[in-house]
Number of protein chains: 2
Amino acid sequence: MDRPYDVFDDRCPTRLVLDRLADKWSLLLLDRLDAGPVRFNQLRRDIRGLSQKVLSQTLKRLERDGLVERTVRPTVPVSVDYALTPLGRTLTDTVAAFAHWAERNMDAVIAAQTAYDTALAG
Amino acid sequence: MDRPYDVFDDRCPTRLVLDRLADKWSLLLLDRLDAGPVRFNQLRRDIRGLSQKVLSQTLKRLERDGLVERTVRPTVPVSVDYALTPLGRTLTDTVAAFAHWAERNMDAVIAAQTAYDTALAG
DNA sequence: GAAACAAAGTTTCCGATAGATACTAGGGAG
DNA sequence: CTCCCTAGTATCTATCGGAAACTTTGTTTC
């Protein structure tokens, strides 16, 4: 294997990236932004359960990692919108696959959980 | 949209699943198990930085969700191995895509981070 | 027969993180 | 003048992750 990076090695920088991406809110944000630029409060409304603080932090990290671009427009009041960068767009298929696997396989997962729990109880 | 589940809704059970999957250790474990059954301490050695406690917890959750199967074999001392279930195997392509995106795009991410940090400093 | 080792965990403790809530700043509407 | 909009920041607490010690069952070593 001549890959320069290895996710199984904890000293490898890919771990830092995986840490960022392997996060519920990051995935939901990337998935939501796939449809086009969205403003801060719109994201907050669309992604139910996401607090302002965590939204702010998560967007900042995604921006720093070059996946999301932040644009301030001088409207009144000022509006800010967030969009995927080209790099971010290379991830969206994978992210969408993930989010939608959960939707497709939910029933199987619930069945497995129920079976597991009743096996423990019995 | 006639999809029964919606990840953007916080009352939707898919959120619970996404929570499980959108986790660094779960992804690394699923990726590692793709190659075949592996024993507990082997996983601990292979996935650098993963503590016993978190390995144990993560495996338990993945087992409960029906993604991983735990098999105890009556060797001396007893050995336990973990393998993907058929349901778990439906995820591996996506998981691998994720883990390996990090490896492929690491350089771009580092460049973005550096640019971001120097822009803030300057 | 006591000491040490091995597998697969569990328990304990502590510092970091997430979530809820409240607050800030710069305007605009009533 | 007061409330409401934008896009956040500040604070507080509960939970979570990581490190290391301990447990259990049994084996090998001295």
Side-chain angles (χ1 to χ4, degrees), chain A residues 7-12 15-29 32-33 37-65 68-83 116 120, chain B residues 7-12 15-29 32-33 37-65 68-83 116 120:
Chain A
V7 284
F8 291 114
D9 181 356
D10 61 339
R11 293 157 310 179
C12 176
R15 272 293 179 85
L16 297 173
V17 173
L18 195 62
D19 239 347
R20 293 284 129 80
L21 298 181
D23 169 67
K24 179 176 57 172
W25 302 125
S26 296
L27 292 187
L28 288 171
L29 278 171
R32 179 66 189 81
L33 291 175
V38 187
R39 297 174 56 179
F40 186 88
N41 279 322
Q42 189 61 47
L43 288 169
R44 192 159 73 84
R45 278 187 296 269
D46 288 352
I47 303 180
R48 310 290 308 186
L50 171 56
S51 74
Q52 297 189 22
K53 187 184 93 174
V54 174
L55 174 57
S56 177
Q57 287 174 346
T58 307
L59 285 169
K60 218 169 275 179
R61 284 189 313 218
L62 291 173
E63 188 191 357
R64 177 167 185 267
D65 291 341
V68 158
E69 188 182 24
R70 178 178 184 274
T71 309
V72 180
R73 277 180 296 115
T75 54
V76 166
V78 71
S79 59
V80 179
D81 59 38
Y82 292 90
Y116 183 93
L120 274 190
Chain B
V7 284
F8 292 114
D9 180 356
D10 62 339
R11 292 158 309 178
C12 178
R15 271 294 179 82
L16 297 173
V17 174
L18 195 63
D19 239 346
R20 294 285 130 79
L21 298 181
D23 169 69
K24 179 175 58 172
W25 301 126
S26 297
L27 291 187
L28 288 170
L29 277 172
R32 179 66 189 81
L33 290 175
V38 187
R39 296 174 56 181
F40 186 88
N41 279 321
Q42 189 61 46
L43 288 170
R44 192 159 74 83
R45 278 187 297 269
D46 288 351
I47 303 179
R48 310 288 310 184
L50 172 55
S51 74
Q52 298 189 22
K53 185 182 90 171
V54 175
L55 174 57
S56 175
Q57 287 175 343
T58 307
L59 285 170
K60 219 170 274 180
R61 285 188 312 218
L62 291 174
E63 189 193 355
R64 178 167 184 267
D65 290 342
V68 158
E69 188 182 23
R70 179 178 184 273
T71 309
V72 180
R73 277 180 298 113
T75 54
V76 166
V78 72
S79 59
V80 177
D81 58 38
Y82 292 90
Y116 183 94
L120 274 189

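By convention in this document, chain letters (A, B, ...) are assigned in the order of the sequence lines, proteins followed by strands, and residues within each chain are numbered from 1.
Legend: residues meeting side chain to side chain donor-acceptor pair (under 3.5 Å) with A/Arg45, ordered by chain and number and at least two apart, are A/Gln42. Under the salt bridge (charged side-chain N to carboxylate O under 4.0 Å, His left out) criterion, A/Asp10 pairs with no residue at all, not counting sequence neighbours. Under the rule for a salt bridge (charged side-chain N to carboxylate O under 4.0 Å, His left out), the partners of A/Asp46 that lie at least two apart in sequence or sit in another chain are A/Arg32. Annotation: salt bridge (charged side-chain N to carboxylate O under 4.0 Å, His left out) contacts of A/Arg64 (sequence neighbours excluded): B/Asp117. Shown here are the side-chain contact (heavy atoms from CB on, under 4.5 Å) partners of B/Asp19, two or more places apart in sequence or in another chain: A/Lys24. For B/Arg44, there are no salt bridge (charged side-chain N to carboxylate O under 4.0 Å, His left out) partners two or more places apart in sequence or in a different chain. For A/Pro77, the side-chain contact (heavy atoms from CB on, under 4.5 Å) test picks out no residue, with sequence neighbours left out. Residues satisfying the side-chain contact (heavy atoms from CB on, under 4.5 Å) test with A/Val80, not counting sequence neighbours, are A/Arg70, A/Val72, A/Tyr82.
B/Arg44 comes within 4.0 angstrom of no nucleic acid atom, judged by non-hydrogen atoms across all strands. As judged by a 4.0 angstrom heavy-atom cut-off over every strand, B/Arg73 is placed among residues making no nucleic acid contact.
With a heavy-atom cut-off of 4.0 Å to chain A, the contacted part of DNA chain D has its first and last nucleotide at D/dT6 to D/dT11.
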Name the pairs: protein N/O against N/O of nucleotides 16-27 of chain C, kept only if under 3.5 Å.
unit_1 : atom_1 : unit_2  : atom_2 : d
C/dG19 : OP1    : A/Trp25 : NE1    : 3.0
C/dG19 : OP2    : A/Trp25 : NE1    : 2.9
C/dG19 : N7     : A/Lys53 : NZ     : 3.0
C/dG19 : O6     : A/Lys53 : NZ     : 2.3

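Between the CZ atom of B/Arg61 and the CG atom of B/Leu29 there is a distance of 10.0 Å, given to the nearest 0.5 Å.
For the pair B/Asn41 and B/Lys60, both in contact range of DNA chain C, the more 5′-proximal nearest nucleotide belongs to B/Asn41.
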Just list the side-chain donor-acceptor pairs under 3.5 Å for residues 49-59 of chain B, sequence neighbours left out, or say none.
unit_1  : atom_1 : unit_2  : atom_2 : d
B/Ser51 : OG     : B/Val54 : N      : 3.3
B/Thr58 : OG1    : B/Val54 : O      : 2.6

- Query: In dot-bracket, 5' to 3', how would DNA chain D read with Watson-Crick or G-U wobble pairs under 3.5 Å, [ ] for crossing ones and | for pairs to another strand?
  - Reply: ||||||||||||||||||||||||||||||
